[in-house]
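Below is one structure; the comments refer to it alone.
Naming: A, B, ... by sequence-line order, numbering from 1 per chain. Just so we're clear, the structure is a prediction, and the values are computed from it rather than from any experiment.
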There are 2 protein chains.
Amino acid sequence: MAGVIRVLLVDDDALVRAGLSMMLDGAAGITVVAEAADGQEAITATDAHAPDVVLMDLRMPRVDGITATRRLRARARPPEVIVLTTFDTDENVLHALRAGAAGFLLKDTSPPQIVEAITRVAAGDPILSPRITRRLMDRTVAQAGAYERARAALAALTPREHEVALAIARGRTNADIAADLVMGITTVKAHVSSILTKLGLDNRTQIALLAHDAGLT
Amino acid sequence: MAGVIRVLLVDDDALVRAGLSMMLDGAAGITVVAEAADGQEAITATDAHAPDVVLMDLRMPRVDGITATRRLRARARPPEVIVLTTFDTDENVLHALRAGAAGFLLKDTSPPQIVEAITRVAAGDPILSPRITRRLMDRTVAQAGAYERARAALAALTPREHEVALAIARGRTNADIAADLVMGITTVKAHVSSILTKLGLDNRTQIALLAHDAGLT
DNA sequence: CCGAAAATCCACCGTTCGGTGGATGCCGCC
DNA sequence: GGCGGCATCCACCGAACGGTGGATTTTCGG
């Protein structure tokens, strides 16, 4: 990233491309090397111009932005991709991130912030619009709640019981567990019974769910 | 946020406070109204000076940063809290976010970025260091993977089977399910058997785990 | 109108689960 | 030394589970 950051604009709206292009070319350290009107063009343009960063819209004819992103990221020396869209549905965000996008910006992002985002992403940092960040934080915190409740409950178990609980959370039967942990089936049952009473549960399925929430793979 | 952003610095190291104070007071739109050396002082200082934003260290004597953050956020007109620490363990991040922190920055963050973070947080936006953002993204993407695999598998089920699978994912027995869904126990068993063969599973616990991954509450 | 898929139920059977009431040996701690 | 917690095992039992081989009705699309 020694010199200028090479940017490719992908949006099916020519006016949007024109606006972004004008705005970005006026910024220091950034040059727009190409534009594309759909995902297919984005791929050929990437091969032709080797951009550092791709600004990618999602809703486009022929090949959509998600698919294009996935294909670009599968390349040998992939560009960083910033998804720039109006719609921040969970669907869109998750798919974009899974496809390998380094950033997800809403179209209400101000020009200077877009410039900054491009710079950051080119440096290897991820970038999310505040609303998206908030969403991820809330989601994480919600899970953390279940996680800690589960953890606290499992803390009452002895080490051996813990192992048994983990095996149950993998869907193993008592016989399986006996073999895995090298003990008698009767011992496994003793542990299972103990776990159930300690945690106030009714059956092994509930053990599995609790252990799963506690993050026991 | 009409005028200047009022900031409270909380860190047990006087040198760190001095450095931050000097750096922040030189910035436009920010004034450091108080400093505190531990969580207890942070709370009294907040009551005395009503800061807009609190820069909070985690490792401190008496009351730690997480606890202090939780208490501050429980107040009537709570300040926004940015946790500023050297250690970005999952533990720390999750606890901070749960406690109500609006931001989590590592101490390698550059002064101008800290200034910007304070401004953003004061405006109601969340702020995370790139490393933390990346962590949250990876975590979300990983879950999304399991989610979609589970969803795809469950798509093979009929509506009624779907309901049964959901009940199993709540740890219900066949008899329970029969009562819940108003059908014979034998019918429940028929559905369970069908689910197991369709999904290639061995027992109801595995159904529960799969359905859980698919987000079926 | 017919066929396929879905949903409902039956009887029967072997397996798995979970509980009860024990017993033994080991370890750490007061 | 003794006591409690932990881990290990036994026998026995009833309940829950899962599979097999049926059967019936409804529903929906071609």
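Taking atom CG on D202(B) and atom P on dC17(C), their separation rounds to 11 Å, with Å as the unit. Separating the CZ atom of R204(B) from the C1' atom of dC17(C) is a distance of 11 Å, rounded to the nearest angstrom. Distance M183(B) CE to dT8(C) C1': 9 Å, rounded to the nearest Å. Taking atom CG of residue L181(A) and atom P of nucleotide dA7(D), one finds them 11 Å apart after rounding to whole Å. Put simply, NZ on K198(B) is 17 Å from C1' on dG18(D), counting in whole angstrom units. The separation between L201(A) atom CG and dG19(C) atom C1' is 16 Å, rounded to whole Å. In this structure, the CD1 atom of I195(A) is 13 Å from the C1' atom of dC6(D), given to the nearest Å. Here the C1' atom of nucleotide dG18(C) and the CD atom of E161(A) are 15 Å apart, to the nearest Å.
Residues S110(A) and Q113(A) bring a donor and an acceptor atom of their side chains to less than 3.5 Å of each other.
Across dC17(D), dC9(D), dG19(D), the shortest atom-to-atom separation from the side chain of T173(B) is found for dC17(D). When distances are taken from the side chain of H191(A) to each of dT8(D), dG18(C), dG18(D), the shortest belongs to dT8(D). Taking the side chain of R160(A) as heavy atoms from C-beta on, and the options dG18(D), dA7(D), dG18(C), the nearest nucleotide is dA7(D). Which of dG18(C), dA7(D), dG18(D) sits closest to the side chain of L196(B) comes down to dG18(D).
Of the two residues near DNA chain D, I185(A) and K189(A), the one whose nearest nucleotide lies more 5' is I185(A). If S193(A) and A190(B) are placed on DNA chain C by their nearest nucleotide, the residue sitting closer to the 5' end is A190(B).
As judged by a 4.0 angstrom heavy-atom cut-off over every strand, T186(B) is placed among the base-contacting residues. Here T187(B) lies in heavy-atom contact (under 4.0 Å) with a base.
Shown here is R151(B), whose CZ atom has more than 12 heavy atoms of other residues, nucleotides or ligands within 6.0 Å.
Phosphate proximity of dA5(C) to T158(B): absent, as no side-chain N or O sits under 4.0 Å from OP1 or OP2. At dC17(D), one or more side-chain N or O atoms of N174(B) fall inside 4.0 Å of OP1 or OP2 (strictly under the cut-off).
Of the charged side-chain nitrogens involved, none lies within less than 4.0 Å of a carboxylate oxygen, so that D12(B) and R17(B) do not count as a salt-bridged pair. One finds no salt bridge joining R131(A) and D125(B) here, because no Lys/Arg side-chain nitrogen approaches an Asp/Glu carboxylate oxygen to under 4.0 Å.
Annotation: the span from I118(A) atom CD1 to L24(A) atom CG amounts to 4.5 Å, rounded to 0.5 Å.
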